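Can you keep this structure in mind? I'll have questions shortly.
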Amino acid sequence: LVNYRAASNNSEVLSNHGRGFAIDLNPYENPYVNADGTLDGPDGSAEYLDRSKAAEEIHMLRDGVIAVTAFKNHGFSWGGNWSGDKDYQHFDYEAK
């Protein structure tokens, strides 16, 4: 199954999701957070903006949890490590 969609910064290019090089895990509890701290995620996920409780909540992705470590070990970058906006659900592989 292919998720055909254009890249967010260029409507002429197929996104990494559409090419099979990106995946989002649990967007409700790992939302996209804009650099100004506002939520850009599913309705009801605002309670997960505070990432300080991620250490106690195994479903909230953070550095050191098995999912993040496994994806990074296989060459994926994690949106939780982005500067500015944070896309905690997002893992992306840059094909060479």
Side-chain angles (χ1 to χ4, degrees):
L1 179 65
V2 173
N3 182 0
Y4 184 89
R5 65 186 192 206
S8 58
N9 61 350
N10 184 343
S11 63
E12 302 290 317
V13 175
L14 189 61
S15 75
N16 275 357
H17 283 284
R19 296 175 38 226
F21 292 115
I23 188 169
D24 292 337
L25 299 180
N26 192 358
Y28 183 79
E29 295 165 323
N30 298 292
Y32 189 101
V33 181
N34 297 303
D36 65 4
T38 58
L39 176 69
D40 189 6
D43 289 342
S45 61
E47 68 181 287
Y48 298 102
L49 284 173
D50 178 5
R51 304 307 288 181
S52 67
K53 60 184 175 179
E56 300 95 44
E57 304 287 346
I58 60 171
H59 49 83
M60 292 175 71
L61 298 174
R62 62 180 167 77
D63 273 321
V65 299
I66 195 165
V68 174
T69 301
F71 274 99
K72 285 181 171 183
N73 285 345
H74 286 88
F76 285 76
S77 64
W78 176 50
N81 289 137
W82 294 352
S83 60
D85 296 351
K86 301 286 187 186
D87 193 355
Y88 292 105
Q89 64 194 289
H90 184 79
F91 294 91
D92 198 275
Y93 186 82
E94 286 297 327
K96 304 208 179 342

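Since this is a predicted model, take the numbers as computed values, not measurements. Atom set for the values below is all heavy atoms of this structure, side chains included, hydrogens, waters and symmetry mates excluded. Residue indices begin at 1 and follow the sequence shown.
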message: Considering only residues two or more places apart or on different chains, which pairs with a residue in residues 36-46 satisfy salt bridge (charged side-chain N to carboxylate O under 4.0 Å, His left out)?
response: none
- prompt: With the 4.5 Å side-chain cut-off for hydrophobic clustering, are Val68 and Trp82 part of the same group?
  reply: no
Residues forming a ring pair (Phe, Tyr, Trp, His ring centres under 6.0 Å) with Tyr32, sequence neighbours excluded: none
query: Do Met60 and Leu49 belong to the same hydrophobic cluster, where Ile, Leu, Val, Met, Phe, Trp and Tyr are linked whenever their side-chain heavy atoms lie under 4.5 Å apart, directly or via other members?
result: no
task: Evaluate the criterion side chain to side chain contact (heavy atoms under 4.5 Å, CB included) for residue pair Trp78 and Asp92; output intermediate values, then yes/no.
output: CA-CA 7 Å; Trp78 176 50; Asp92 198 275; over 6 Å; no
More than 12 heavy atoms from other groups under 6.0 Å of CD1 on Ile58: no
From OH (Tyr93) to OG (Ser77), nearest 0.5 Å: 11.0 Å
task: Classify the angle between the aromatic ring planes of Phe71 and Phe76 as parallel (below 30°), tilted (30 to 60°) or perpendicular (above 60°).
output: perpendicular
- prompt: Got a sec, which residues hit side chain to side chain contact (heavy atoms under 4.5 Å, CB included) with Ala67, two or more places apart in sequence or on another chain?
  reply: Leu25, Leu61
- line: Of all heavy-atom pairs linking Pro31 and Ser45, the shortest is CB-OG, 4.0 Å
Residue pairs fulfilling salt bridge (charged side-chain N to carboxylate O under 4.0 Å, His left out) with at least one residue in residues 77-89, sequence neighbours excluded: none
field: Residue pairs passing the ring pair (Phe, Tyr, Trp, His ring centres under 6.0 Å) test where at least one lies in residues 46-66, sequence neighbours excluded
entry: Tyr28-Tyr48, Tyr48-His59
Backbone of Val65 reached by a side-chain donor or acceptor of Thr69 within 3.5 Å: yes
message: Quick check for you: to the nearest 0.5 Å, what is the distance between Asn30 atom CG and Asp24 atom CG?
response: 10.0 Å
message: Please list all pairs meeting salt bridge (charged side-chain N to carboxylate O under 4.0 Å, His left out) that have one or both residues in residues 45-67, counting only residues at least two apart or in different chains.
response: Asp63-Lys72
